[in-house]
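What follows is a single structure, written as structure tokens, with notes after it.
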Amino acid sequence: MDTEPPPPHVLIFPFPAQGHVNSMLKLTELLLEASLNITFLISAKDHDRLARFTTVHSHLTRYLGRFRFHVIHGLYEGPMDTDEKLSVMIADSLPKVAVPLLRDLLVDSHVTCLIVDGIMGFPIDVAKGTGVPVIFFRTISACALWAYFSVPGLINSGDLPFQGTNLDERIVSLEGMEAFLRRRDLPSFCRSDLNNQTLQQVIGVSRRTTEAHALLLNTFDELEGPIVSQIQKHCPNIYTIGPLHAHLKARTLSKLTSSNSLFEEDKTCITWLDQKAPKSVLYVSFGSLVTVTREQLMEFWHGLVNSGKPFLWVIRDDLVLKHDDENKVPYELEEGTKKRGYMVGWVPQEDVLAHPAVGAFLTHNGWNSTLESIVEGVPMISWPYFADQQINSRFVEAVWKLGLDMKDTCDRKIIEKTIKVVMEDRKMEFIESADRMARLAKETVNEGGSSYGNLNRLVEDIKMMGVGSK
Ligand code: UDP
């Protein structure tokens with residue numbers, strides 16, 4: 001008698017940082033919903049944080065033995081707020097620990113395919129010879145990936161390295177972006193010396209995308225279709241399946257969800273928002289990695305208070321560099337904050353952005369935050385910090401018309417003025433384009449939408465890999 005073959009077993013391996021773990025857990029749940037088996041590799045630190053601050057463990061055990069975490073011990077656990085620290089993690093700490101672990105798992109665990117964060121190239125080498133296909137998942141935007149991928153071309157054409165100091169000079173040789181991209185909009189690594197280790201690493205790993213069996217992108221065709229087509233010339237097998245958080249919500253309508261926060265969420269902010277008028281509040285957050293100096297903090301604080309808008313501001317414990325307790329907070333800031341502000345350490349961001357009181361988002365444009373804002377139709381004020389954020393913010397302003405970009409400035413007057421333009425002078429214009437994009441984002445993850453269809457195709461393709469390897 002024929003026995004039913006076991007479901008395909010997918011090994012998922014994210015880079016250990018909030019935005020990466022978050023989106024790859026969403027993907028995990030979508031694949032569990034499609035009846036696949038998943039092992040999720042996670043650093044000991046992130047595993048512990050998820051256990052402390054979320055219900056994700058009990059949430060995923062609902063999938064009756066089809067899900068397990070595999071904990072990685074011995075990874076670097078310090079901050080990753082600079083290109084250099086990120087680079088050391090990618091090139092050194094991770095491969096040292098993960099290469100032997102992956103080798104064992106691929107041999108012993110009947111893995112159908114490996115979905116790995118495309119910020120790491122070494123899993124492709126580990127999988128060589130095992131017959132296990134490697135799928136790259138990039139947690140960044142398609143526009144950022146295409147820019148990383150195009151750096152060698154920019155060097156050939158003379159766009160890089162920059163000649164002179166004018167950051168407003170146009171970048172003319174990045175296909176699909178010739179009309180609007182300036183030097184300052186390129187990913188932050190491009191401002192450094194071309195021999196810089198991080199830049200070299202980014203170029204190398206982005207080029208390795210062509211060696212992967214397929215590429216998954218947390219984006220959708222209606223948002224980044226033309227740029228996805230550029231990448232497709234080099235990597236034909238692309239699945240655009242985002243926005244993943246909206247996709248998961250659409251496919252699990254009646255079920256409970258869990259947050260994937262690596263920090264403790266302070267839900268009192270929702271009660272505070274409940275008392276505010278519709279679209280009146282500016283939500284401010286720079287994600288999980290950005291750090292600011294005390295001076296920058298004060299510029300933002302003055303700008304926020306002087307704008308006269310109510311504001312909800314996420315100030316992580318480690319947001320501000322070099323705490324100096326002697327620096328007293330000026331009286332007017334204390335008063336202005338008491339009247340109109342609310343500061344917390346970490347919020348349930350998807351819920352905050354979905355709250356009717358939120359009228360705009362002052363963001364660093366990390367890709368998850370950008371997508372979450374897009375889905376909820378919240379206009380953005382961009383203050384990118386590093387990596388992909390510089391190019392995301394350019395697309396927010398110049399291509400998608402969803403807000404204004406304040407990159408490379410940190411001045412209380414500019415901050416105040418930009419808030420007023422987005423929330424008063426051009427409020428309706430931004431709300432209308434944000435609403436339009438939010439509608440497209442929701443349509444794409446519902447039946448008949450492009451991301452919906454692409455996810456189904458991905459699941460079928462993984463199932464076929466399972467059949468092929470039997
Ligand atoms: N986030 C959150 N609460 C906060 C701030 C951020 O839940 O107070 C989440 C946010 O919803 C997003 C992630 O943290 O999913 C940050 O990812 P992103 O890619 O935007 O930025 P990164 O932290 O990687 O720089």
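One is the number of the first residue; the rest follow in order along the sequence. Keep in mind that the numbers below use all heavy atoms, side chains included, and drop hydrogens, waters and symmetry copies. Just so you know, ligand 1 is whichever comes first in the structure, and atom 1 is the first atom listed for that ligand.
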### Query
ligand 1 versus Val347, non-hydrogen atoms closer than 4.0 Å: side chain, backbone, both, neither?
both
### Task
For atom 20 (O) of ligand 1, find the nearest protein heavy atom and state the residue, atom name and distance (0.1 Å precision).
Ser369 OG, 2.6 Å
## Note on the structure
Going by the 4.0 angstrom heavy-atom rule, the piece of Ser261 near ligand 1 is side chain
### Task
Could you tell me whether Ser285 and ligand 1 have an N or O pair separated by under 3.5 Å?
no
### Message
Please determine whether side-chain contact (heavy atoms from CB on, under 4.5 Å) holds for the pair Leu289 and Gln18, giving the CA-CA distance in whole Å, both sets of side-chain angles, and the decisive distance to 0.1 Å.
### Response
CA-CA 8 Å; Leu289 303 173; Gln18 174 72 76; over 6 Å; no
### Query
Does Glu350 come within less than 4.0 Å of ligand 1, judged by its heavy atoms?
no
### Query
Salt bridge check: are Arg251 and Glu29 linked by an N-O gap of less than 4.0 Å?
no
### Message
Between Trp146 (side chain only) and Leu174 (backbone N and O only), is there a donor and an acceptor less than 3.5 Å apart?
### Response
no
### Task
Give a yes/no verdict on whether any heavy atom in Ala17 is under 4.0 Å from an atom of ligand 1.
no
#### Entry: Nearest protein heavy atom with distance in Å, relative to atom 11 (O) of ligand 1
Glu372 OE1, 2.6 Å
### Query
Applying a 4.0 Å heavy-atom criterion (strictly less than), which segment of Glu265 is in contact with ligand 1: side chain, backbone, both, or neither?
neither
### Message
Checking Glu299 against Arg412 for the salt bridge (charged side-chain N to carboxylate O under 4.0 Å, His left out) test, could you report, in this order, the C-alpha distance in whole Å, the side-chain angles of both residues, the deciding distance, and whether it holds?
### Response
CA-CA 5 Å; Glu299 291 305 308; Arg412 62 189 71 183; 2.9 Å; yes
### Task
Would you mind checking which non-hydrogen protein atom is closest to atom 19 (O) of ligand 1, with the distance to 0.1 Å?
Asn368 ND2, 2.9 Å
### Message
Quick one: does any side-chain atom of Thr28 pair with a main-chain N or O of Met24 as donor and acceptor, under 3.5 Å?
### Response
yes
### Query
Considering only heavy atoms of Gly287, which atoms of ligand 1 have at least one such atom less than 4.0 Å away?
23 (O)
### Query
Within 45° of the axis and under 6.0 Å from the centre of the six-membered ring of Phe136, does NZ or CZ of Arg208 qualify?
no
#### Entry: Within the 6.0 Å centroid threshold, strictly below: His364 and Phe286
no
### Message
Under 4.0 Å from a heavy atom of Gly19: which atoms of ligand 1 are those, numbered in the order shown and with their elements?
### Response
17 (O), 24 (O)
## Note on the structure
Logged contact type for Trp367 with ligand 1, heavy-atom cut-off 4.0 Å, is backbone
#### Entry: Location of contacts on Val314 toward ligand 1, heavy atoms closer than 4.0 Å
side chain
### Query
Within 45 degrees of the axis of the six-membered ring of Phe263 and under 6.0 Å from its centre: does Arg52 put its NZ or CZ there?
no
### Task
Note the single closest protein heavy atom to atom 2 (C) of ligand 1, along with its residue, its atom name and the distance in Å.
Trp346 CZ2, 3.2 Å
### Message
Has Thr444 got a side-chain atom pairing as donor or acceptor with Ala441's backbone, closer than 3.5 angstrom?
### Response
no
### Task
Give the residue, atom name and distance (to 0.1 Å) of the protein heavy atom nearest atom 21 (O) of ligand 1.
His364 NE2, 3.0 Å
### Message
When you measure from the centre of the six-membered ring of Phe162, is the NZ or CZ of Arg191 closer than 6.0 Å and no more than 45° off the axis?
### Response
no
### Query
Side chain or backbone of Gln18 under 4.0 Å from ligand 1, or both, or neither, by non-hydrogen atoms?
side chain
### Message
Side chains of Thr291 and Tyr385: any donor to acceptor distance under 3.5 Å?
### Response
yes
### Task
Determine, using heavy atoms of Arg316 and all atoms of ligand 1, whether some pair is separated by less than 4.0 Å.
no
### Task
Answer with side chain, backbone, both or neither: which part of Ser288 has a heavy atom less than 4.0 angstrom from an atom of ligand 1?
both
